[in-house]
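Notes to accompany the following structure.
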Amino acid sequence: MKYQAPKGVSEYFPPRSRAFEWVRDTLITQIKRSGYQLLELPIFEDTELFTRGVGASTDVVSKEMYTFADRGGRSITLRPEGTVGALRCVIEHGLDRGSLPAKVWYSGPFFRAERPQAGRYRQFYSVGVEAVGSDDPALDAEVIAIAHAGFRALGLKEFRLEITSLGDSQTRAAHRFDLMEYIDGLQLDGATTARAQLNPLRLFDDKREEIRALMAKAPLILDYLSDSSREHFAAVQGYLRNLGIEFTINPRMVRGLDYYTGTTFEFIHDSLGAQSGIGGGGRYDGLLEQIGGQPLSGIGFGLGVDRALLAVEAEGVLDESAFCPDLFLIPLGAPAKARALMVSHKLREHNFTVEIAFGDRQLKAAMKAADKSGARYVVIIGDSELSSGRVELKEMRTGATTSVTLASLVEALSTALSNQ
RNA sequence: GUGGGCGUAGCUCAGCUGGUAGAGCAUUCGGUUGUGGUCCGAAAUGUCGCGGGUUCGAGCCCCGUCGUUCACCCCA
């Protein structure tokens with residue numbers, strides 16, 4: 001095999017691509033129901049946008065970006081995440097100067113130069129939302145509820161929601177000071193110390209038991225929340241309870257991007273291996289200003305389409321029949337083929353999904369193809385059907401047939417499908 | 001970037017202590033006239049990842065390399 005896809009990319013092809021499409025579109029449908037509007041964004045941006053927005057000290061920026069010089073010598077980076085690009089667009093086109101909050105969504109590929117692993121790809125797909133210009137805790141609850149509704153709409157049951165609050169900048173500074181002091185008192189190896197210096201919160205996320213034990217008594221940011229942050233977080237929790245959305249508070253939650261403040265959340269699915277996060281997000285108080293916008297707060301999330309698909313497959317909740325054609329047409333002979341094309345054209349105008357058997361194959365082979373397509377009904381058109389104007393509408397599951405006229409096929413199929 | 005597993009037909013894999021490749025599924029055709037699913041029969045498909053080495057002889061042993069996968073790191 002001479003060519004293959006670049007290392008670690010997720011690509012989708014039949015039959016799995018239809019499940020991928022369904023997962024993505026289902027998530028998007030939930031988002032649109034809350035009035036979020038589409039942002040169709042570039043997948044590359046000026047490198048500086050990410051270094052300033054995401055934070056130069058993050059792993060994502062420091063070692064996982066696909067960065068290159070374009071022909072004009074500009075430093076360009078394939079987007080490793082969606083929020084800063086979306087906010088750049090919001091700011092550039094003044095959406096933050098209209099009615100607030102500005103609510104937008106986007107979807108597409110993202111790129112990180114990581115070592116591939118189960119559920120982790122160098123090109124992966126997300127759908128995300130951003131709501132800019134309101135610090136109402138009800139907005140936090142709505143954003144979380146949208147993601148929750150999306151996963152429920154996929155039929156998922158075995159996922160968890162974890163939330164926490166990272167507080168405001170004063171909260172974070174005070175906590176960081178004490179946390180650093182605590183960590184300084186620990187015996188850590190060089191690499192771990194270096195990680196701690198970059199972002200001390202990272203140690204909360206360490207998978208090694210000995211580190212977990214050492215961190216068990218570390219100061220937690222929730223204990224440092226300012227009054228306003230605590231009230232905000234309490235309000236968010238209250239709204240979520242009212243909505244019947246279950247969650248646990250994880251005071252040790254760590255996000256990989258530096259811009260999060262206040263409410264922060266993650267959706268976790270436990271049957272996906274090491275990469276268990278299927279979505280996450282949070283509030284970002286200084287980010288807009290950081291990349292040249294107004295001092296407005298915002299909140300958003302990113303949902304992993306690849307991982308959501310893996311979760312759907314792990315739970316076995318995919319309904320394959322939803323993707324199958326309504327009707328499979330089998331023409332026998334040249335005149336029948338011409339007629340079949342016309343019939344299929346008309347049926348498709350009435351929103352039916354119709355396939356035709358191509359290639360002059362024998363009836364038996366065509367029937368096998370119809371069976372494999374999963375079509376609910378089959379119609380054979382041959383010389384006798386052309387002369388009589390009547391066809392047998394065959395239901396594949398039961399084998400039952402109904403005699404109908406070719407002219408009334410639209411109505412007959414409509415009736416048959418609605419009776420199921 | 002670090003570590004482990006694995007690279008044999010389109011897919012999943014078997015292949016003994018080295019003797020020039022096999023199964024199941026999938027594909028196509030057939031089991032007499034225009035009806036699928038089950039069953040039966042047949043056909044087609046491989047530079048055994050690549051390069052080197054050892055050997056009379058390598059899918060199997062050795063070295064290298066690439067790919068892939070899982071985990072660490074990190075995250076969707």
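Letters A, B, ... mirror the listed sequences (proteins, then strands); counts begin at 1. Bear in mind that the values here come from a model prediction, so they are computed numbers and not experimental data.
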Query raised in the report: Does the base of B:C66 carry an N or O that pairs as donor and acceptor with the side chain of A:Gln4 under 3.5 Å?
Result: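 Under the 3.5 Å cut-off, the side chain and the base do not form any donor-acceptor pair.
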Requested in this report: Assess whether one donor atom and one acceptor atom, taken from the side chain of A:Arg120 and the base of B:C70, lie less than 3.5 Å apart.
Outcome: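 No, no donor-acceptor pair under 3.5 Å.
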Query - Residue mapping more 5' on RNA chain B - nearest nucleotide basis, A:Arg122 or A:Lys394 - result: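 Final value for this comparison: A:Lys394.
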**Report entry** Pairing partner (Watson-Crick or G-U wobble, both distances under 3.5 angstrom) of B:A21
**Finding:** none
Any base atoms under 4.0 Å from [X], or only sugar-phosphate, or nothing? Heavy atoms, all strands.
{"X": "A:Ser384", "result": "base"}
{"X": "A:Gly119", "result": "base"}
{"X": "A:Tyr125", "result": "nothing"}
{"X": "A:Ala370", "result": "nothing"}
{"X": "A:Gly277", "result": "sugar-phosphate"}

Taking atom [atom1] in both [N] and [M], what distance in whole Å separates the two?
{"N": "B:C60", "M": "B:C48", "atom1": "P", "answer": "10 Å"}
{"N": "B:G1", "M": "B:G46", "atom1": "P", "answer": "36 Å"}
{"N": "B:C11", "M": "B:U45", "atom1": "C1'", "answer": "13 Å"}

Name the atoms and distances for all side-chain donor-acceptor pairs under 3.5 Å in residues 141-155 of chain A, with sequence neighbours left out.
unit_1   : atom_1 : unit_2  : atom_2 : d
A:Glu142 : OE1    : A:Tyr36 : OH     : 3.4

**Report entry** Side chain to side chain, A:Phe20 and A:Tyr125, heavy atoms closer than 4.5 Å
**Finding:** yes
Requested in this report: Check whether any side-chain nitrogen or oxygen of A:Gln117 sits under 4.0 Å from OP1 or OP2 of B:C70, and answer yes or no.
Outcome: no
Query raised in the report: If you measure from the ring centre of A:Phe110 to the centre of the six-membered ring in the base of B:A76, is it under 5.5 Å, with the planes under 30° apart?
Result: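 Taking the rule of under 5.5 Å and under 30°, the ring of A:Phe110 does not stack on B:A76.
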Can you pull every protein N or O that's under 3.5 Å from an N or O on nucleotides 28-30 of chain B?
unit_1 : atom_1 : unit_2   : atom_2 : d
B:U28  : OP1    : A:Arg361 : NH1    : 2.9
B:G30  : OP1    : A:Gln362 : NE2    : 3.1

